[in-house]
> 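Mind looking over this structure? Questions follow.
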Amino acid sequence: MSMRIIPSGETLGATIEGLDLAAVSDADAEAAIQALGRHGVIRFPGQRLAAADLRDFSARLGDLEVNVIGKHQEPGMPEVMTLSNVVRDGKSIGLPDAGQGWHTDMSYSRTIAFANVLYALEVPQREGRTLGATQFCDMAAAWDDLPADLQRRLEGLTALHDFAKFYDMMRLRPGSTRPPLSDEQRRTKPPVSHPMAITHPISGRKSLYANPGYTIRVNGLPQAESDELLAFLFAHQTQEKYLYTFHWTKHDVLVWDNFRCIHQAVADYGPDEPRLMKRCQVMASKYVPLSI
């Protein structure tokens with residue numbers, strides 16, 4: 001069966017059928033990367049992958065990150081992380097609250113992320129409804145809608161991003177089991193600055209690069225002015241017209257583009273409604289010189 005790309009018809013999203021991600025040719029991998037640049041979020045349905053298959057496919061997209069938390073990693077494969085609310089023998093088998101708030105993965109890192117690869121092994125259900133959706137907002141469309149004078153202003157600005165902002169926010173949520181970050185973890189991920197406007201290395205489109213999860217201030221502005229500008233941008237970028245909600249099916253692999261998207265996980269399921277995902281994080285090592 002040959003590869004077929006089916007656009008979602010929304011601001012983001014497409015499905016690619018006809019690929020077994022455990023055995024992808026170089027040509028098909030490159031076609032998938034180009035499709036990701038056009039559509040921002042790509043679904044590969046009906047996959048049957050071992051952890052090594054997921055790692056190897058993800059590595060076709062770029063260098064893989066090992067998460068700073070250092071927990072819930074596949075034995076012998078630290079690039080593969082487990083996200084899950086499942087508890088066995090009194091211990092969580094994965095990170096239970098990953099991504100529950102608008103953010104862009106790895107914006108807190110000096111080398112930012114290109115793509116996330118997430119594989120669904122268990123999807124929560126209730127009364128025939130699928131729960132635990134992942135939502136995205138389109139930062140290229142958000143950029144296009146900004147006034148021209150604000151675009152020009154943002155093109156000359158950078159913003160500071162801090163890993164601890166999102167992590168500490170998640171710790172304050174009721175029922176959180178996240179331990180405090182150690183001094184070593186904080187030293188490993190100090191705040192970093194990135195341009196607020198980036199050019200996509202594949203599509204050539206401009207995107208707004210700031211997010212509520214990790215962006216803490218606009219460099220060079222008084223604190224009050226920075227706070228006002230970020231509050232405006234956070235409200236602007238999460239408008240419904242930029243929203244794409246992805247509803248999971250078991251054995252979906254979803255890949256999304258962190259140059260173009262902010263995202264969040266919808267936590268509308270309970271502890272007795274299992275969700276189990278395997279994740280790889282693809283860094284933007286080969287694209288960063290072209291984009292920011």
> What's the shortest heavy-atom distance between Ala141 and Thr11, and which atoms?
CB-OG1, 4.3 Å
> Would you call the rings of His194 and Tyr209 parallel, tilted or perpendicular, where under 30° means parallel and over 60° means perpendicular?
perpendicular
> Answer whether the closest heavy-atom distance between the side chains of Pro45 and Thr15 falls below 4.5 Å.
yes
> Looking at every heavy atom in both His161 and Ser107, which two are closest together, and how far apart are they?
ND1-OG, 3.0 Å
> Under 4.5 Å between any side-chain heavy atoms of Met196 and Leu230, yes or no?
yes
> Going only through I, L, V, M, F, W and Y residues with side-chain contacts under 4.5 Å, is there a path from Ile262 to Met106?
no
> Using a strict cut-off of less than 4.0 Å between a Lys/Arg side-chain nitrogen and an Asp/Glu carboxylate oxygen, indicate whether Arg279 and Asp105 qualify as a salt bridge.
yes
> Can you tell me if Gln151 and Glu155 form a side-chain donor-acceptor pair at under 3.5 Å?
no
> How far apart are the closest heavy atoms of Val80 and Arg55, and which atoms are they?
CG2-CB, 3.8 Å
> Under the salt bridge (charged side-chain N to carboxylate O under 4.0 Å, His left out) rule, what pairs show up with a residue in residues 111-125, not counting sequence neighbours?
Glu122-Lys250
> Listed by chain and number, what are the salt bridge (charged side-chain N to carboxylate O under 4.0 Å, His left out) partners of Glu273, not counting sequence neighbours?
Arg126
> Is there any salt bridge (charged side-chain N to carboxylate O under 4.0 Å, His left out) pair reaching into residues 225-236, and which pairs are they, with sequence neighbours excluded?
Arg153-Glu225
> Got a sec, which pairs hit salt bridge (charged side-chain N to carboxylate O under 4.0 Å, His left out) with one end in residues 111-121, sequence neighbours left out?
none
> Looking only at the side chains, is there a donor atom on one of Thr130 and Trp248 sitting less than 3.5 Å from an acceptor on the other?
no
> Do you know the tightest heavy-atom contact between Gly132 and Asp268?
N-OD1, 2.8 Å
> For the residue pair Phe114 and Phe259, categorise the inter-ring angle as parallel (less than 30°), tilted (30 to 60°) or perpendicular (more than 60°).
tilted
> Check for me, please, whether Leu208 and Phe136 land in the same ILVMFWY cluster - side-chain distances under 4.5 Å, paths through other members count.
no
> Does Ile216 belong to the same Ile/Leu/Val/Met/Phe/Trp/Tyr cluster as Val192, with side-chain heavy atoms less than 4.5 Å apart forming each link?
no
> To the nearest 0.5 Å, tell me how far His39 NE2 sits from Cys261 SG.
12.5 Å
> Under the criterion side chain to side chain contact (heavy atoms under 4.5 Å, CB included), I'd like the reasoning laid out for Trp256 against Leu12: C-alpha separation, chi angles, the key distance, then a yes or no.
CA-CA 10 Å; Trp256 65 86; Leu12 295 163; over 6 Å; no
> Using modelled atom types and a 3.5 Å cut-off, is there a donor and acceptor pairing between side-chain atoms of His200 and backbone atoms of Arg38?
no
> Once ring-ring contact (aromatic ring centres under 6.0 Å, His included) is applied, do any residues pair with Tyr242, and if so which ones, sequence neighbours excluded?
His236
> Could you tell me which residues satisfy side chain to side chain contact (heavy atoms under 4.5 Å, CB included) with Pro190, sequence neighbours excluded, listed by chain and number?
none
> Could you measure the distance from the CE atom of Met139 to the CG atom of Asn258? Nearest 0.5 Å is fine.
11.5 Å
> Going by atom types alone, do Gln281 and Asn116 pair a side-chain donor with an acceptor below 3.5 Å?
yes
> Using the test side-chain hydrogen bond (donor to acceptor under 3.5 Å, both in side chains), find all partners of Ser84 that sit at least two apart in sequence or belong to another chain.
none
> Could you grab the distance from atom CG of Leu54 to atom CD of Gln47, nearest 0.5 Å is fine?
10.0 Å
> So Leu276 and Thr82, side chain to side chain contact (heavy atoms under 4.5 Å, CB included) or not? Walk me through it.
CA-CA 7 Å; Leu276 175 58; Thr82 300; 3.6 Å; yes
> For Ala133, check side chain to side chain contact (heavy atoms under 4.5 Å, CB included) against everything at least two apart and list the hits.
Thr245, His247, Val266
> Short question: side chain of Asp252, backbone of Leu254 - any donor-acceptor pair under 3.5 Å?
no
> Holding to salt bridge (charged side-chain N to carboxylate O under 4.0 Å, His left out), I want the full list of residues that pass it with Arg205, two or more places apart in sequence or in another chain.
Asp144
> Determine the minimum heavy-atom distance between Ile202 and Gly37, stating which atoms define it.
CG2-CA, 4.0 Å
> Under 3.5 Å, side chain of Lys165 to main-chain N/O of Thr215, donor-acceptor pair present?
yes
> How long is the gap from CG on Leu118 to CE on Met277, to the nearest 0.5 Å?
5.5 Å
> Looking at every heavy atom in both Leu243 and Glu10, which two are closest together, and how far apart are they?
O-OE1, 4.2 Å
> Looking at CG of Leu150 and CG of Leu229, how far apart are the two atoms once the value is rounded to the nearest 0.5 Å?
6.5 Å
> Do Trp143 and Ile112 sit in the same hydrophobic cluster, where Ile, Leu, Val, Met, Phe, Trp and Tyr count as joined when their side-chain heavy atoms come under 4.5 Å apart?
no
> Using 0.5 Å steps for rounding, measure from the NZ atom of Lys278 to the CG atom of Asp53.
13.0 Å
> Go through the structure and list residues passing side chain to side chain contact (heavy atoms under 4.5 Å, CB included) with Val24, not counting sequence neighbours.
Leu21, Asp28, Ala29, Phe57, Arg60
> According to side chain to side chain contact (heavy atoms under 4.5 Å, CB included), who are the partners of Gln264, at least two apart in sequence or on a separate chain?
Trp102, Gln135
> Is it the case that the side chain of Ser226 and the backbone of Val218 share a donor-acceptor pair, with hydrogens and angles ignored and the cut-off at 3.5 Å?
yes
> Between Met283 and Ser109, is the side chain to side chain contact (heavy atoms under 4.5 Å, CB included) condition met? List the steps.
CA-CA 10 Å; Met283 304 306 291; Ser109 177; 4.2 Å; yes
> Walk me through whether Gln73 and Val66 qualify under side chain to side chain contact (heavy atoms under 4.5 Å, CB included).
CA-CA 9 Å; Gln73 294 163 335; Val66 175; 3.5 Å; yes
> Compute the centroid of each ring, for Tyr108 and then for His103, and state whether the two points are separated by less than 6.0 Å.
no
> Tell me which pairs pass salt bridge (charged side-chain N to carboxylate O under 4.0 Å, His left out) where either residue lies in residues 256-265, with sequence neighbours left out.
Asp138-Arg260
> Flag yes if Tyr214 and Leu160 sit in one hydrophobic cluster, no otherwise; membership is Ile, Leu, Val, Met, Phe, Trp, Tyr, and two members link when side-chain heavy atoms are under 4.5 Å apart.
no
